[in-house]
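Encoded as structure tokens, the structure appears first; notes follow it.
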Amino acid sequence: MRVQSMCVAAAVFGVAVLTVAANATFAQTVAQGTEPKATEQRPPNGEAGKEKAKKIDEYAEAERVLGGPAANPECMWLGRHVVRLLWSNDLDTAFRHLDLYDRFGCPAGHIQTAFRCVVRRGEPDRKGDPKVVQDTIEGRVNNCWINPNTDPVIAPPAAASATAPSQAQ
């Protein structure tokens, strides 16, 4: 009878130890701010999903408008990066990226026309939030990369004075 009561006591003690250990692990997980399965499950249409869909649409639009190697994702990424670096006067880094751009077989002339488009649009409005200014530069580079020939028409001074009405009558 004594052996039986020792076995029951050992079983109860084992269950108590396992219960305390499980509660301690759960408490530690809750204290860290994570739930047991929260890291495995993510919402499919979260912020990352929207960003990925935007990138896919961007590349599809470039393929439709541009065609050719300038629409390849690696050429677009490197090319736009080079144009942004040129705009910010980081020429050393821009030339290093340009070497990579050439190594991928991307068209060098497209960088020239995209950068010309960005430069012709002029300096963005520096009044206000710097983040908005950066978004404006990003938007200009992206627009000029996809369609570099839509830069604003800048009339030469001679043409502007020829169309002005004469003052002497």
Side-chain angles (χ1 to χ4, degrees), residues 25-164:
T25 304
F26 180 75
Q28 183 180 9
T29 304
V30 170
Q32 291 176 351
T34 59
E35 295 182 13
K37 293 186 180 180
T39 57
E40 295 175 13
Q41 298 174 355
R42 292 185 180 170
N45 291 334
E47 194 67 33
K50 290 178 184 176
E51 185 68 27
K52 189 173 184 180
K54 179 184 169 192
K55 289 284 184 193
I56 291 171
D57 292 343
E58 199 173 81
Y59 293 134
E61 180 186 358
E63 183 66 37
R64 181 182 55 80
V65 173
L66 290 173
N72 292 343
E74 63 273 14
C75 292
M76 282 183 61
W77 189 88
L78 282 167
R80 292 185 303 192
H81 199 65
V82 167
V83 171
R84 279 190 298 270
L85 289 168
L86 288 171
W87 177 259
S88 63
N89 289 331
D90 190 358
L91 300 179
D92 291 334
T93 310
F95 288 137
R96 280 185 272 150
H97 283 81
L98 193 57
D99 289 340
L100 282 172
Y101 182 82
D102 291 337
R103 185 169 294 197
F104 279 106
C106 303
H110 196 78
I111 289 198
Q112 181 180 359
T113 56
F115 185 64
R116 180 182 300 130
C117 172
V118 171
V119 169
R120 290 189 75 185
R121 290 185 181 201
E123 191 75 25
D125 184 18
R126 296 267 180 201
K127 298 175 189 169
D129 187 19
K131 184 175 176 152
V132 174
V133 171
Q134 185 61 30
D135 289 340
T136 302
I137 292 168
E138 292 286 327
R140 286 183 185 187
V141 170
N142 291 338
N143 290 337
C144 285
W145 185 264
I146 291 176
N147 199 351
N149 296 323
T150 60
D151 33 325
V153 178
I154 300 173
S161 64
T163 59

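Remark: side-chain polar atoms of T93 are not paired, donor with acceptor, to backbone N or O of D90 under 3.5 angstrom. Not a single donor-acceptor pair under 3.5 Å links the side chain of H81 to the backbone N or O of W77. Side-chain atoms of Y101 come within 3.5 Å of backbone N or O of P107 as a donor-acceptor pair.
Atoms CD and CG, from Q112 and L86 in turn, are 11.0 Å apart once rounded to the nearest 0.5 Å. With rounding to the nearest 0.5 angstrom, the SG atom of C117 is 8.0 Å from the CG atom of N147. A distance of 10.0 Å separates CG of L78 from CG of D102, quoted to the nearest 0.5 Å. To the nearest 0.5 Å, atoms CE (M76) and CD (E74) are separated by 10.5 Å.
R121 is listed as a side-chain neighbour of N143, based on a closest heavy-atom distance under 4.5 Å. Counting heavy atoms from C-beta outward, H110 and P148 have side chains that approach closer than 4.5 Å.
Nearest heavy-atom pair across A62 and A71 is O-CB, 3.5 Å. When every heavy atom of A94 is checked against every heavy atom of V82, the shortest pair comes out as O-CG2, 3.9 Å. Across I146 and L66, no two heavy atoms sit closer than the pair O-CD2, 3.3 Å. Closest approach of V141 and R80 over heavy atoms only: CG1-O, 3.6 Å.
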Passes side-chain contact (heavy atoms from CB on, under 4.5 Å), W145 versus I111? Steps please. CA-CA 8 Å; W145 185 264; I111 289 198; 3.9 Å; yes
Are R84 and N142 close enough, and set up right, to give a side-chain contact (heavy atoms from CB on, under 4.5 Å), and what steps lead you there? CA-CA 10 Å; R84 279 190 298 270; N142 291 338; 4.3 Å; yes
